[in-house]
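Whatever order the structure lists ligands and atoms in, that order sets their numbers, starting from 1.
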Amino acid sequence: MGVHQLMVSMSFFLAMVALSLLPQHAQAITRHYEFNITMQKVTRLCHTKSIVTVNGQFPGPRVVAREGDRLVIKVTNHVSNNITIHWHGIRQLRSGWADGPAYITQCPIQTGQSYVYNFTVVGQRGTLWWHAHVSWLRATLYGPLIILPKKNVPYPFAKPYKEVPIIFGEWFKADTEAIISQALQTGGGPNVSDAYTINGLPGPLYNCSTKDTYKLRVKPGKTYLLRVINAALNDELFFSIANHTLTVVDVDAIYIKPFETETILITPGQTSNILLKTKPNFPNANFLMKARPYVTGQGTFDNSTVAGILEYESPFLNSVISMKKLPLHKPTLPSLNDTVFAANFAKKLRSLATPQFPANVPRKVDKKFFFTIGLGTNPCDQNQTCQGPNGTKFAASVNNISFVQPTTALLQAHYTGQSSGVYRPDFPVNPFHRFNYTGNAPNNTNVGNGTKLMVLNFNASVELVLQDTSILGAESHPLHLHGFNFFVVGQGFGNYDSNKDPKKFNLVDPVERNTVGVPSGGWVAIRFFADNPGVWFMHCHLEVHTSWGLKMAWLVLDGKLPNQKLLPPPSDLPKC
Ligand SMILES: *[C@@H]1O[C@H](CO)[C@@H](O)[C@H](O)[C@H]1NC(C)=O
Ligand SMILES: *[C@@H]1O[C@H](CO)[C@@H](O)[C@H](O)[C@H]1NC(C)=O
Ligand SMILES: *[C@@H]1O[C@H](CO)[C@@H](O)[C@H](O)[C@H]1NC(C)=O
Ligand SMILES: *[C@@H]1O[C@H](CO)[C@@H](O)[C@H](O)[C@H]1NC(C)=O
Ligand SMILES: *[C@@H]1O[C@H](CO)[C@@H](O)[C@H](O)[C@H]1NC(C)=O
Ligand SMILES: *[C@@H]1O[C@H](CO)[C@@H](O)[C@H](O)[C@H]1NC(C)=O
Ligand SMILES: *[C@@H]1O[C@H](CO)[C@@H](O)[C@H](O)[C@H]1NC(C)=O
Ligand SMILES: *[C@@H]1O[C@H](CO)[C@@H](O)[C@H](O)[C@H]1NC(C)=O
Ligand SMILES: *[C@@H]1O[C@H](CO)[C@@H](O)[C@H](O)[C@H]1NC(C)=O
Ligand SMILES: *[C@@H]1O[C@H](CO)[C@@H](O)[C@H](O)[C@H]1NC(C)=O
Ligand SMILES: *[C@@H]1O[C@H](CO)[C@@H](O)[C@H](O)[C@H]1NC(C)=O
Ligand SMILES: *[C@@H]1O[C@H](CO)[C@@H](O)[C@H](O)[C@H]1NC(C)=O
Ligand SMILES: [Cu+2]
């Protein structure tokens, strides 16, 4: 080796040392992505259709960042639909303009237009995801959003050998925009999906689908980190891998106290990091992984099962033919309506709550709210026959208010002081009528409607009880809050009892997340600090319920300090 070469490698070595000694925050970078929204022909179940995609990919591209990084994602709309993209679970501290729900924080990106989503990832690491947030376009517009810990900060568990996204979806042969528009027209329940998918593939249990099977090839004796996302439109899912135990280590990009389980339950909108320890030796078998729904509602649903295959790489078996001869083990999933499983699974979720990853639970509450959530009806137009319950139209509501989508974005209306005629700041703190919410439903199932916001002062500590109703049947609703994580301090069945139930709240290590399944015929209590100014959507993540109006928004006012104020809108913010 010549002197010059030695010098070069020495300085390279020194540079490496210097890099590893840099403080963690100095390494945050800006990562640029380009999302071209285009149509793409995709064949599943022997049926070809044109779907809306990002860069022609289905599922969409992975967005990867480290905690602290800035993401700058330019979205250009080349299709005839209006588009917005939501970065599900990202706090969007003071950057609500980048949150994405159509007509809440932005007007849609219209055909031929672009919009740059520009935000930083603060205090979060784990798996989140991105998806369209307008009508039902998220049926095909979704992908993983992976947040790695800061450089040189380890996971609070052994470093996995490999990381693998597992993203569940729902496949419809028909056009999903036609399905929801038909359902809203007739008032009936929308047509259900034809298959569930793992990473876009329905798998061998469907007709004409064996070639579209997701295969996870693993080595023996290793730990794999599965980054699990439920991107299905309308279904909570059970998931299990035959003969393997899963260790849940995080939900919604928050570490939890690890626990082992054969099966997980994941609602649309939720994400979870799961460790899969492979068998120490080549097992001479293949293993099915399966997902199928957990359903509590009374309507028809897609009761089918998606399957993928866990295959071991073998030192002695190389040919595909010999792999195929191996026995295939199948997991057993809970029954489709196993609410007991759902309740027990929810009880296992607890924050890690360590000094490094504390659970900053509000202990004192400034504002208490009680919201009923559930289905209801709208009367049929005189001139129409409707296909909802008893000839009505299906609706859904929060505190009996079915949210009416405005025609301009709420955040813009607020920021420019032009809210009059767009929204009213008078969302009710409690339901107008009290009744036995989970008992016999009232005879009159009609809902009211409006575009009402709940106003909060900056940094108010909030307690919200979400109470399911049995109107048109009790049902589990995965409620998603934008702009915040919340702590799930309590849950139960029946009517929430404001005298007895708070005594049982967990204020020590409750799970922190952005989407919670409100138990069928029960309630959950959540708490959060309103430390993020802006307009924040809250809705059921079953897309059909959102379409029917099970949604509302919070308006968090600016604080006094300069760093407690919403930033001005970007210049390319789309107009309505
Ligand atoms: C998006 O489209 C533009 C213009 O057609 C093109 O230059 C760019 O390479 C595309 N980006 C990706 C990621 O496909
Ligand atoms: C993103 O936002 C930052 C902070 O406001 C700004 O400095 C930067 O120029 C923005 N980038 C783009 C591409 O808009
Ligand atoms: C929904 O299903 C019904 C019954 O199969 C069918 O007639 C209708 O065309 C479907 N709607 C859409 C939008 O595919
Ligand atoms: C898988 O589990 C089944 C029973 O659930 C058992 O019969 C079989 O021996 C197991 N096989 C392997 C390879 O672990
Ligand atoms: C799914 O539903 C169909 C139609 O209602 C029924 O025939 C079938 O038995 C159900 N399958 C399962 C696994 O429940
Ligand atoms: C669950 O479904 C089974 C039939 O598949 C039924 O017998 C049972 O009553 C249901 N349980 C509940 C709680 O609805
Ligand atoms: C009923 O609705 C149809 C289409 O919306 C309209 O053309 C017709 O005039 C209406 N009839 C009455 C009696 O309102
Ligand atoms: C529909 O009508 C039947 C019979 O009149 C009644 O028992 C049922 O409660 C009604 N359902 C709804 C949702 O109004
Ligand atoms: C509500 O109704 C259920 C079912 O009828 C009943 O078991 C329960 O006691 C009622 N609760 C209250 C608070 O009245
Ligand atoms: C609902 O209707 C039934 C039968 O019409 C009646 O007996 C009952 O009192 C009504 N309940 C309420 C709460 O109005
Ligand atoms: C809201 O309620 C009013 C009064 O019941 C009704 O006329 C109107 O159609 C409803 N609007 C929507 C969008 O459901
Ligand atoms: C797209 O959004 C604009 C602005 O809100 C609206 O005027 C237009 O009707 C929408 N177009 C479609 C196809 O939904
Ligand atoms: Cu719902």
Out of N243, N284, L326, N286, who is nearest to atom 8 (C) of ligand 4 when you count heavy atoms only?
N243

Are a donor atom and an acceptor atom from the side chains of H480 and H539 found within less than 3.5 Å of each other?
no

Would you check if there is a donor-acceptor pair between the side chains of S135 and E177 at a distance under 3.5 Å?
yes

Decide yes or no on salt bridge (charged side-chain N to carboxylate O under 4.0 Å, His left out) for E311 and R217, but give the supporting numbers first.
CA-CA 5 Å; E311 285 181 351; R217 286 206 178 82; 2.9 Å; yes

Give the residue and atom name of whichever protein heavy atom lies nearest to [atom], and the separation in Å to one decimal.
atom: atom 13 (C) of ligand 11; answer: V404 CG2, 3.9 Å
atom: atom 1 (C) of ligand 11; answer: N449 ND2, 1.4 Å
atom: atom 4 (C) of ligand 2; answer: R70 NH2, 3.5 Å

Is it true that D558 and R94 have a side-chain N and a carboxylate O under 4.0 angstrom from each other?
no

Quick note on ligand 2: atoms under 4.0 Å from a heavy atom of N118 include exactly 1 (C), 2 (O), 3 (C), 8 (C), 10 (C), 11 (N), 12 (C), 14 (O)

Those atoms of ligand 2 less than 4.0 Å from some heavy atom in V72:
13 (C)

Parallel, tilted or perpendicular: which fits the ring planes of W554 and F369, with parallel below 30° and perpendicular above 60°?
perpendicular

